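So that we are looking at the same thing, I have put the structure below in structure tokens.
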Amino acid sequence: MKHRLGSWSTLAVFVALSSFPVSAAVALALPHSHAKPNETPTDWIDKGKEVIEAGAILVGGIWTWMLFVKKRQRYPRAAITHTVEFRELSESHSLAHVTVTVKNSGDVLLVLVKHDTRMQVVVPPQEALLKILAQGKDPIGENQTEYPWPTLNSFSSNWQKATREIEPGESQDVDVDFFVPNVVKTVLVYSYFKNLTKHNREIGWDCTTLHDRMSQAPPKDATQPIVPK
């Protein structure tokens with residue numbers, strides 16, 4: 001009886017064992033045939049077809065292995081951006097509406113389970129920071145890359161029970177409101193989303209941006225309470 005490898009079943013083996021070395025894939029793909037003394041030319045042609053099919057399957061398996069393992073396309077990717085709008089509410093405070101946009105820039109489903117966004121004050125700077133700069137010293141600590149700007153407020157979302165999913169090429173917004181004293185002129189916004197596939201480590205995607213508060217004259221009735229009708 002002749003043993004032929006089914007294209008689909010063999011390819012499934014390659015996908016399932018895509019982390020195997022190429023040498024192991026070769027051993028799986030190539031047909032194992034034994035010469036018989038009464039074989040006809042037709043038998044040799046059939047065996048040649050088997051070799052060609054096995055070679056095609058082998059190429060496909062190697063391509064799958066390189067694509068999903070070497071290029072890490074089996075892992076999700078995300079691109080995060082911030083949009084911040086300021087609206088002056090009164091003589092003392094303004095609303096800072098932050099829209100965090102998460103785009104799935106990879107080839108697999110992106111699952112979001114945890115999110116953090118915080119706003120920090122940059123201008124006016126702290127007196128302690130100004131003193132350090134006046135002394136000609138570097139305010140950045142050892143093994144640090146950013147200054148620990150004072151946090152105005154922070155918000156966290158945990159979607160463990162209501163997982164948010166983003167298909168490849170699509171995006172989703174997360175909106176956060178901050179109430180900022182008008183003495184604050186520049187803020188730093190930081191957002192972080194946990195990577196579900198790295199469940200054993202706190203690894204994910206983050207974004208840090210600077211924004212200036214636009215000066216606007218408060219509406220005349222800004223201090224009057226709004227009573228719903």
Side-chain angles (χ1 to χ4, degrees), residues 11-12 14-16 18-19 60-89 93-123 140 143-180 184-216:
L11 182 57
F14 274 112
V15 174
S18 58
S19 60
I62 295 175
W63 176 85
T64 301
W65 180 75
M66 294 180 63
L67 186 64
F68 289 94
V69 179
K70 289 298 185 180
K71 294 187 178 180
R72 300 176 65 84
Q73 290 196 8
R74 57 181 175 174
Y75 293 106
R77 292 177 172 83
I80 303 173
T81 57
H82 288 148
T83 302
V84 182
E85 294 185 75
F86 292 90
R87 292 294 184 273
E88 197 165 288
L89 302 176
H93 285 80
S94 293
L95 165 69
H97 182 78
V98 179
T99 300
V100 187
T101 301
V102 185
K103 182 178 180 180
N104 185 346
S105 56
D107 300 310
V108 298
L109 183 69
L110 175 61
V111 180
L112 302 179
V113 295
K114 183 180 178 182
H115 151 259
D116 296 284
T117 293
R118 68 171 179 257
M119 181 171 287
Q120 298 168 270
V121 178
V122 177
V123 179
I140 306 297
N143 298 324
Q144 300 295 320
T145 60
E146 295 180 290
Y147 182 76
W149 303 101
T151 299
L152 180 68
N153 207 347
S154 61
F155 296 93
S156 298
S157 301
N158 192 327
W159 301 307
Q160 294 286 351
K161 296 183 179 180
T163 303
R164 297 195 176 190
E165 298 180 345
I166 307 176
E167 297 290 343
E170 297 184 356
S171 61
Q172 182 168 336
D173 293 339
V174 178
D175 297 302
V176 186
D177 284 338
F178 294 90
F179 295 95
V180 184
V184 175
K185 303 302 179 184
T186 303
V187 296
L188 181 149
V189 180
Y190 171 83
S191 293
Y192 168 81
F193 291 84
K194 179 176 174 57
N195 186 347
L196 181 63
T197 60
K198 303 293 183 179
H199 53 87
N200 293 327
R201 292 177 290 172
E202 195 61 38
I203 296 178
W205 305 277
D206 58 6
C207 178
T208 303
T209 54
L210 286 170
H211 304 270
D212 294 324
R213 185 180 70 83
M214 294 183 179
S215 177
Q216 295 179 344

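As the structure is a prediction and not an experimental result, all values here were calculated from the model.
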Exercise. Where do Val122 and Val187 land on the side chain to side chain contact (heavy atoms under 4.5 Å, CB included) test, with the steps shown first?
Worked result: CA-CA 5 Å; Val122 177; Val187 296; 5.9 Å; no

Exercise. Within 45° of the axis and under 6.0 Å from the centre of the six-membered ring of Tyr190, does NZ or CZ of Arg118 qualify?
Worked result: yes

Exercise. Under the side chain to side chain contact (heavy atoms under 4.5 Å, CB included) test, which residues partner Ser157, sequence neighbours left out?
Worked result: His115, Trp159

Exercise. What closest approach, in Å, do Ala79 and Ser105 show between heavy atoms, and which atom pair accounts for it?
Worked result: N-OG, 4.0 Å

Exercise. Do Phe86 and His211 come close enough that some side-chain heavy atom pair is under 4.5 Å?
Worked result: yes

Exercise. Is any side-chain heavy atom of Val189 less than 4.5 Å from a side-chain heavy atom of Leu210?
Worked result: no

Exercise. In chain order, what residues pass the side chain to side chain contact (heavy atoms under 4.5 Å, CB included) check against Glu146, with sequence neighbours excluded?
Worked result: Thr208

Problem set entry | Nearest non-hydrogen partners of Ser94 and Arg213, listed with the distance | OG-NH1, 3.5 Å

Problem set entry | Approximate separation, where rounding is to 0.5 Å, of Asn153 CG and Gln120 CD | 11.5 Å

Seminar exercise, completed: dist Arg77:CZ -> Asp107:CG (nearest 0.5 Å) comes out at 7.0 Å

For this session: In sequence, state the C-alpha distance, the side-chain angles, and the governing distance for Leu95 and Glu85, and then conclude on side chain to side chain contact (heavy atoms under 4.5 Å, CB included).
Result: CA-CA 8 Å; Leu95 165 69; Glu85 294 185 75; over 6 Å; no

Exercise. Who are the side chain to side chain contact (heavy atoms under 4.5 Å, CB included) partners of Tyr147, not counting sequence neighbours?
Worked result: Gln126, Leu129, Pro139, Ile140, Trp149

Problem set entry | Pairing residues for Phe155 by the ring pair (Phe, Tyr, Trp, His ring centres under 6.0 Å) criterion, not counting sequence neighbours | Phe178

For this session: For Asp177, check side chain to side chain donor-acceptor pair (under 3.5 Å) against everything at least two apart and list the hits.
Result: His97

Exercise. Can you name the side chain to side chain donor-acceptor pair (under 3.5 Å) partners of His82, sequence neighbours left out?
Worked result: Ser191, Thr209

Exercise. How close do Gly106 and Pro168 get, heavy atom to heavy atom, and via which atoms?
Worked result: O-CB, 3.5 Å

Exercise. Thr186: what forms a side chain to side chain donor-acceptor pair (under 3.5 Å) with it, not counting sequence neighbours?
Worked result: Asp212

Problem set entry | Derivation of the side chain to side chain contact (heavy atoms under 4.5 Å, CB included) call for Glu167 and Asn104 | CA-CA 7 Å; Glu167 297 290 343; Asn104 185 346; 5.5 Å; no

Exercise. Would Val100 and Ile80 satisfy side chain to side chain contact (heavy atoms under 4.5 Å, CB included), going step by step from the backbone distance to the final call?
Worked result: CA-CA 7 Å; Val100 187; Ile80 303 173; 3.7 Å; yes

Exercise. Is the closest side-chain heavy-atom distance between Lys103 and Glu170 below 4.5 Å?
Worked result: no

Seminar exercise, completed: Sorted by chain and number, sequence neighbours left out, side chain to side chain donor-acceptor pair (under 3.5 Å) with Asp116 holds for Ser156

Exercise. For the atom pair OH (Tyr192) and SG (Cys207), what is the distance rounded to the nearest 0.5 Å?
Worked result: 14.0 Å

For this session: Please report the shortest heavy-atom distance between Ala96 and Val84, naming the atom on each side.
Result: CB-CG1, 4.5 Å

Seminar exercise, completed: side chain to side chain contact (heavy atoms under 4.5 Å, CB included) with Met119: of Val184, Val98, Thr151, only one passes, and it is Val98

For this session: Tell me, please, which residues at least two apart from Thr101 pass side chain to side chain contact (heavy atoms under 4.5 Å, CB included).
Result: Thr81, Thr99, Ser171, Asp173

